[in-house]
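All of these numbers come straight from a predicted model, not from anything done at the bench. Just so we're on the same page: letters track the sequence lines, and every chain starts at 1.
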Amino acid sequence: MIRTEKLVKSFPAPTGEPKRAVNEVSFEVRAGEVYGLLGPNGAGKTTTLRMISGLLRPTAGRVFIDHRDVTDEPEQVKQRIGYLTANTGLYVRLSVSEFLHYFATLYGMDRAQARARIGALAERLRLTEFMELRCGALSTGQRQRTNIARALLADPPILVLDEPTLGLDVLSNRIMLEFIRTQAEAGRAILLSTHALDEIEAMCRRIGLIHSGRMIAEGTLDELRRQSGRERLSDVFLELVGAHEPVFAD
Amino acid sequence: MSRYSRINTIWRKELIDILRDRRTIFAMVLVPIILYPALMLGSLQALEAQHSQFLADRYEVIVPSEAAGKWLRRVLDTDAVRRPLSEEEAAAAPSEDDSPLEVARAAQTRPAEAEPPLRRDAPAMEEARGARGAAGPRTAVRGAPPEYRITVRAAYPHEQFIGLRTALREGLRGGMSDAGADAAAGRLASTIWRDAWIADFAGPLLAGTVHVGVIVEGDAGALSNGGNVAVRVIMDQTEIRSSIATEGLLGVLERMNERLVEARMRRANIERSYLHPLHVESLSVATPEKVGGSVLGQIVPLILIIMTITGAIYPAIDLTAGERERGTLETLMVAPVATVELIAGKFIVVTMVSLISAGLNLASIGGTIWLGGLGKLLTRGQEVVIPLTALPWVLLALVPLAVMFGAVLLAVCSFARSFKEAQNYVMPVMVAAMIPAVVGILPGTRLEGPLLVMPVANIVVLTRELFVGRFDPTAIVWVIASTSLYAGAAVAVAAKLFGQEAVLFADSGSVRTIFQRRYFTPRRVPTAASAMLVLGLVFPLNFFIQRALGESPLFHERVEYLYALWAVFLLLFVGVPVFAAKYMRVTERTALRVGGASLPAWGAALCLGLSTWALAPAWLAYQQTFLPMPPDQLHALEVATAWLKEVPLWLIVLVLAVTAGVCEEVFFRGYVLSGLRPAIGPVAAIVVVALAFGVYHNSAHRLILTSALGIVLGLLALRSGSIWPSVLVHVLHNGLTLVASRADGMGPWLEQSGWTDAEGMPAPGLLMAAGALLVIGLGLCLMLREPVRAGEGRAAAAAGVGSASPA
């Protein structure tokens, strides 16, 4: 469903020689699979996800969504991706219903289709009781459910989730993880970026380890364990990143 | 879903969003609807209330003597009697013997018998009498006086004055006759006495405890036999109460004067008009509508422009920086929406809110003036009609302005990461807009010349002209066209900036990367954007500098003009592109195409350069048959360039042929062509540059010729990969044209040998030879192959239009 080929993104740097934030990253996410993109802050996870979702234009390399090149057909690709981050904002002066209808229109639905789809989503995500409230008046959990509904509006076969649990409390966290699991079971391809190791351990079948813009290891958890010779995921991570030396010298 | 329906969806949502914001409603509706009327009517009422309060107050008057006080009291008391006062009544004030009043009389009064004999039947009187109505007695010049309390100051007792006068008399007696000494001492003493009193009055006046002081010089009793009295009213002009007290007092005294004049004239049997041989009156032909429009035109344009801009500020910030701050921009960008649609939707809303706000303001100002009677007040009671028919036109004139500021503000706010940051960016824009706006409201500014295209100022003046009902269609077209042009440019810049990844995602790199040199990647040719920027910078600069030089007395029709021109050419056409190339890290050699050329290219250049000078005058003569240039313009051109005939030929050739040729080629065929070539392809680039080259020469008469020459030069520069062959063509063309036209050049020789006729028109033989050379030159040119450079492909890809250039 998602395939990247030697994806590169350079940003201008003070030296005049552009800095590569993402450097030849290649991986693939299949339908029904949760793929975890793991890496420290600033590793290039968000930039990679933004290129996949068509928010940023790759400097080099290609992204295919259902065999369509993101650069060539950005709109068709965006139609097939549900994108969600922990701090995705809502329009505080619109009601939940207006907010969802606005996006439904942007996704090309007519009024009847939008009403049917939003009704179904509201039922499933339990939005009905606050549909007419302004988004600014929602609780964190309600906001999150609204955003999930927004991401699922076009019934996308692919979900791109950029640190979706960042800064959430235990309860909201559970909503999110449950959501991810059900979506994978429904056959969607899910790309999950996070630096929460336990989530990766709990959710992901395959993991890509990204560091300084490069994919340094990829495989199932067992494969990574074998590769690093460590048992705990945090140790695997540190070993592969090459930071397993003590932080403070004696 | 089509692009337009998406833009439609976006702007409607943005409008709802922005209208639901209390801050928008406050800025857009509350301010105009409530604030203006409240402010205007409130301050008006406060002013009136204060005024009537001032009139109801009692004012303190000080006088130097009992006698003066009594006289003043009488004058004040008789003021209420609106009838001609007899001189006896006016003079009926107790007077002290030997008072300063009396002493001063000797110098100031004129004996009654000295008045010239007057005859009523003077011919001038008849005419004057006819106009009497307008020039009647001015008894009601000032309003009813307030109440006064008169206090006598006892600073200098009368004995001191006597003593002073005696001392002065004694001192003067030695040098002159007794009578002369008496008179001089009297005058001197009076002057010293008066100044002493004024100095004394200053204390309480400055302290504000007293509002006005009155000094009466001369004997009031003398008023009965045609004498004069000087009344000095001492006041402090910075104190409002002092001013009001003075105003009232002067009114009383003036009315008294009038009545005395009436009485004297009656006694002497003179018509009043006799004293006004000239009847002067100004009559205005302005219609009430025009008066109303002129009143509106003084204040409304500026307010409207401020409100149009301020109306756009809040939505511009909210829809860009606000959206980023709330984290909704990313949400929006993952939907299948193009950046250009987003910015279009936002731009529509900003412009709309700005126009709604301007419209509401216009309505509110109109209503306030209409209902509040402000118009009457401003025109001092003249008949005023608000020119309602002008209002829709005024609103229409604001549309391009709103569009321009909507785009400018969107572009500026796009950089900001937060609301606060955006507010900081907006301030300079406001200030920058105010400067031309203030130029526009300067009284007497007419919509002509450079003001036609001066942004903001032209709209201010246009609005004013619309208010007074002056519709000059040409001027309107200029204003609207130029403002629309600026608006279009601003929209383009806004769209370009908003689409930048660094602008969309703060963490995708800093906005600095767009502007700062150290972030630029070295390249071989300039970007199309920088080529257009340099073109847009140098064009108007060159126009203004050359014009300023031509009009300056230092350079006007002098050899120095050519030296200055030489410097301008180098600075603008070489200096600017070289600086731009350095700043943008573009290799100068490739950016300016200053590398070498092949031998065939030089051959082509020689053929072309030797041919065009002869073909050009033939073309212009032919063009005259279907696009005739008016004879007066032709003549004006001849007169304007006549002085050049006196300048040495070598200097003219050096500046107008060699320098102009080299510099213009570096600029047009160098920097601009290199920048445009990868972005829009070779043909379009040559044509665009040639048109710019034609327009640059600033002559409609030669536009076709210079553009055609531009195409030849562009083709040669592109195919040879170097500007030097085109420099050769350019220098030869300019140089031969100049040399052939001069008496000290080849002119006479060409004519003698039959190559040209007396008019300088080439003979058929020369034309055929030149035509053949042109064909050979063009043929050689087309046989050349444009050198392919590695860097240009990369530049094209970076410009995002790589596929458009089959290199």
| message | Just so I know, are the side chains of B:Y671 and B:V578 near enough to count as touching, which here means a heavy-atom distance under 4.5 Å? | response | no
| field | Proximity breakdown for A:K19 and chain B, heavy-atom pairs closer than 4.5 Å | value | neither
| field | Part of A:T71 within contact of chain B (heavy atom distance under 4.5 Å) | value | neither
| remark: Counting heavy-atom pairs under 4.5 angstrom with chain A, the leader among B:V337, B:I18, B:L332 is B:L332
| query | In terms of heavy-atom pairs under 4.5 Å, which option from A:E98, A:Q76, A:Q79 contacts chain B the most? | reply | A:E98
| request: Let me know if A:Y91 has heavy atoms under 4.5 Å from chain B in its side chain, its backbone, both or neither. | output: both
| said: Assess whether a salt bridge exists between B:R6 and A:E75, defined as any Lys/Arg side-chain N lying under 4.0 Å from an Asp/Glu carboxylate O. | reply: yes
| request: Answer yes when B:R23 and B:D21 have at least one side-chain N-carboxylate O distance shorter than 4.0 Å, and no when they do not. | output: yes
| request: Look at B:E341 together with B:R3 and state whether they make a salt bridge at an N to O cut-off of under 4.0 Å. | output: yes
| field | Among the listed options A:T59, A:V92, A:L94, the residue most often paired with chain B at heavy-atom distances under 4.5 Å | value | A:L94
| said: A quick test of your reading: do over 12 heavy atoms of other residues, nucleotides or ligands sit less than 6.0 Å from CZ of B:F579? | reply: no
| Would the number of heavy atoms belonging to other residues, nucleotides or ligands and lying under 6.0 Å from CE of A:M1 be above 12? | yes
| message | Need one label for A:T85: side chain, backbone, both or neither, based on atoms under 4.5 Å from any heavy atom in chain B. | response | side chain
